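Single-structure report; data block below.
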Amino acid sequence: MAATQTEHSPAFTPEQLQSVRGTLMSPRRLKTEVLAGLVVALALIPEAIAFSIIAGVDPRIGLFASFTMAVTIAFVGGRPAMISAATGAIALVIAPLVKTHGVDYFVAAVILAGIFQIILGLSGVAKLMRFIPRSVMVGFVNALAILIFMSQVPELIGVPWLVYPLTALGLVIVFGLPKLTRAVPAPLVAIVVLTLITVFAAVAVPTVGDKGELPDSLPTLFVPNVPFSLETLQIIFPFSLAMAFVGLLESLMTAKLVDDVTDTRSHKTREAWGQGVANVVTGFFGGMGGCAMIGQTMINVKASGARTRISTFLAGVFLLILVVALGGIVSLIPMAALVAVMIFVSVATFDWHSIHPRTLKIMPKSETAVMIATVIGTVATHNLAVGVGVGVMVAMVLFARRVAHLVTVERSVKTIGGHETATYVVDGELFFASSNDLYTQFEYALDPEHVVIDMHASHLWDASTIAALDAITEKYRHHGKDVKIIGLNDASTLMRERLAGKLGAGH
């Protein structure tokens with residue numbers, strides 16, 4: 001009784017829920033982790049097979065990759081409870097290499113991508129996450145939910161009519177059961193119930209076994225048979241680098257999402273190089289590589305309530321056991337059950353608050369535009385990295401445009417030291433977007449012979465601003481007028497001393 005009270009008391013923090021030792025000592029929490037790992041393993045099987053087909057390799061390669069990725073990242077990763085396995089984003093990046101050069105070059109590229117990720121992780125690439133705006137994150141989540149849903153649509157087209165009532169029953173279970181009890185994960189119940197129905201009723205519907213042949217042996221050490229030469233490096237380098245960046249971006253974005261869901265912080269730098277280690281290990285076992293999987297991670301964290309590395313580790317272990325030892329049983333699972341689970345995940349993942357009329361009314365239009373751009377970019381390309389890149393670029397442009405309009409120039413004419421003098425007070429941050437407009441805000445012909453430009457309320461950020469000031473002073477000299485720039489802070493003064501008059505003509 002005391003243990004139960006402790007687990008549900010306010011003093012039991014989200015960070016404590018991530019403790020492996022604490023979970024192993026708590027039967028209730030351990031059961032949650034075990035069942036979550038089992039549900040994720042079941043959901044991983046058809047996904048891994050499908051991604052293998054996209055990449056153009058044997059389903060065994062995708063399944064073994066999911067096993068090695070999950071088990072390895074459970075030890076070396078920085079985000080507890082996050083699931084890493086073979087993914088569609090990686091499959092899309094690496095598929096052309098398989099077609100042109102075969103599996104050996106493909107595996108060599110996976111290993112090199114892992115090495116790149118280790119280097120990028122240790123060099124602090126994870127810190128760049130701070131530059132991704134919240135609106136991009138919301139767009140990333142919403143686009144991902146849409147892609148998860150869209151990926152299930154083919155499973156509902158051109159299938160026996162019985163698939164539809166089975167899927168509907170699965171949806172009733174995954175959405176309705178948590179309202180009655182959370183003792184057992186609803187996705188697991190849906191999978192078991194629908195499998196029993198189809199088996200005992202001898203219903204002919206698409207099953208996991210229809211997706212591809214499951215392996216009947218354990219993965220073995222694999223060394224790619226490629227020449228260790230500059231030519232090989234030239235072939236695999238572009239694919240490895242693209243895979244490294246796409247994998248890190250998707251993994252770090254997923255980690256941040258899980259941080260928000262669980263109200264905890266994770267070690268992004270460790271997660272970055274941990275993904276690299278997992279890909280290197282996967283490559284040497286002949287796997288296709290991968291990264292964090294948002295759908296399976298949401299099944300693990302949001303639908304099943306897992307919080308520790310135990311669930312991640314067990315997802316990999318259960319996956320191997322299911323496909324190798326229990327492949328005959330697993331192959332009987334109807335795809336309708338997994339479709340229902342993934343639809344539930346897509347609905348749970350989507351940030352419905354972000355499109356509520358009340359939210360849209362109070363949210364700045366630029367924030368909404370960035371979110372929509374991220375969604376469109378991701379859904380249109382089916383590539384999360386492209387979508388995030390589009391969102392960040394739109395956010396940068398809108399931010400630059402907004403900041404550019406915050407610069408003000410106030411003009412006054414007074415007699416100073418016996419001379420009529422025009423004084424301009426410049427207020428705001430001056431960079432490429434705002435400094436170009438600065439040139440047009442002076443009365444070059446109308447001003448008296450003495451002009452003072454007061455910069456005490458501004459800051460010079462780049463060479464474009466120095467070039468603009470050069471153009472302004474040159475314009476005044478062309479009109480035969482004396483101009484002085486005063487009030488620059490130390491950093492701006494140093495930049496102007498270093499660059500003034502050295503940037504060429506124009507502004």
Side-chain angles (χ1 to χ4, degrees), residues 31 34-55 57-71 83 85-86 151-152 154-156 158-160 162-163 165-167 169-170 173-174 184-220 222 282 285-288 290 293 295-296 299-300 304 311-342:
K31 183 190 72 172
V34 172
L35 293 178
L38 180 58
V39 173
V40 171
L42 291 169
L44 277 173
I45 294 171
E47 295 271 312
I49 295 173
F51 296 149
S52 299
I53 294 171
I54 292 173
V57 296
D58 190 284
R60 294 178 179 83
I61 294 179
L63 290 166
F64 286 155
S66 296
F67 160 68
T68 52
M69 285 291 297
V71 170
I83 304 296
S151 68
Q152 304 309 306
E155 304 295 340
L156 298 173
V159 294
L162 285 171
V163 168
L166 286 172
T167 303
L169 176 59
I173 294 173
V174 293
V184 181
L188 179 59
V189 174
I191 292 170
V192 172
V193 170
L194 267 63
T195 301
L196 292 175
I197 290 174
T198 55
V199 169
F200 286 107
V203 176
V205 292
T207 64
V208 170
D210 297 330
K211 286 290 182 180
E213 185 180 353
L214 301 179
D216 55 7
S217 62
L218 298 175
T220 57
F222 180 89
T282 297
F285 277 95
M288 63 180 283
M293 298 188 75
Q296 276 66 24
I299 290 176
N300 193 47
S304 303
S311 58
T312 306
F313 173 77
L314 290 178
V317 173
F318 283 144
L319 171 65
L320 189 65
I321 294 173
L322 288 169
V323 299
V324 175
L326 303 174
I329 297 175
V330 172
S331 64
L332 299 175
I333 296 175
M335 287 303 300
L338 298 176
V339 168
V341 171
M342 296 309 291

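None of the values given here were measured: they were computed from a predicted structure.
The closest side-chain heavy-atom distance from Phe51 to Met293 is below 4.5 Å. With a 4.5 Å cut-off on side-chain heavy atoms, Val40 and Thr312 do not count as touching. For the pair Val205 and Met335, the minimum side-chain heavy-atom distance is 4.5 Å or more. Side-chain contact between Ile45 and Val330: present, with at least one pair of heavy atoms (C-beta onward) separated by less than 4.5 Å. Side-chain atoms of Val163 and Thr167, non-hydrogen and from C-beta on, do get closer than 4.5 Å to each other. The closest side-chain heavy-atom distance from Gln296 to Met342 is below 4.5 Å. When side chains are defined from C-beta on, Phe67 counts as touching Val71, because their heavy atoms get closer than 4.5 Å. Side-chain atoms of Pro59 and Pro215, non-hydrogen and from C-beta on, never get closer than 4.5 Å to each other.
For the atom pair Phe285 CZ and Phe222 CZ, the distance stands at 12.5 Å (nearest 0.5 Å). If you take OG on Ser66 and CD1 on Ile49, they are separated by 9.5 Å, rounding to the nearest 0.5 Å. Of the inter-residue distances, the one linking Ser304 atom OG with Leu38 atom CG reads 9.5 Å to the nearest 0.5 angstrom.
Side chain of Ser52 to backbone of Gly62: a donor-acceptor contact under 3.5 angstrom is found. At distances below 3.5 Å, at least one donor-acceptor pair connects side-chain atoms of Thr207 with backbone N or O atoms of Ser331.
Nearest approach of Asn300 to Ala36, heavy atoms of both residues: OD1-CB, 3.3 Å. Heavy atoms only, all atoms of each residue included: Val159 and Pro206 are closest at CG1-CG, 4.1 Å. Met69 and Ala85 get closest at one heavy-atom pair: CB-CA, 3.8 Å.
Tested against Thr198, the residues Ile333, Leu332, Val193, Leu166 include a single side-chain contact (heavy atoms from CB on, under 4.5 Å) partner, Leu166. Just one of Leu42, Ile299, Leu188 meets the side-chain contact (heavy atoms from CB on, under 4.5 Å) condition when paired with Val341; it is Ile299.
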Atom pairs and distances, donor-acceptor, side-chain atoms in residues 314-323, under 3.5 Å, two or more places apart:
none

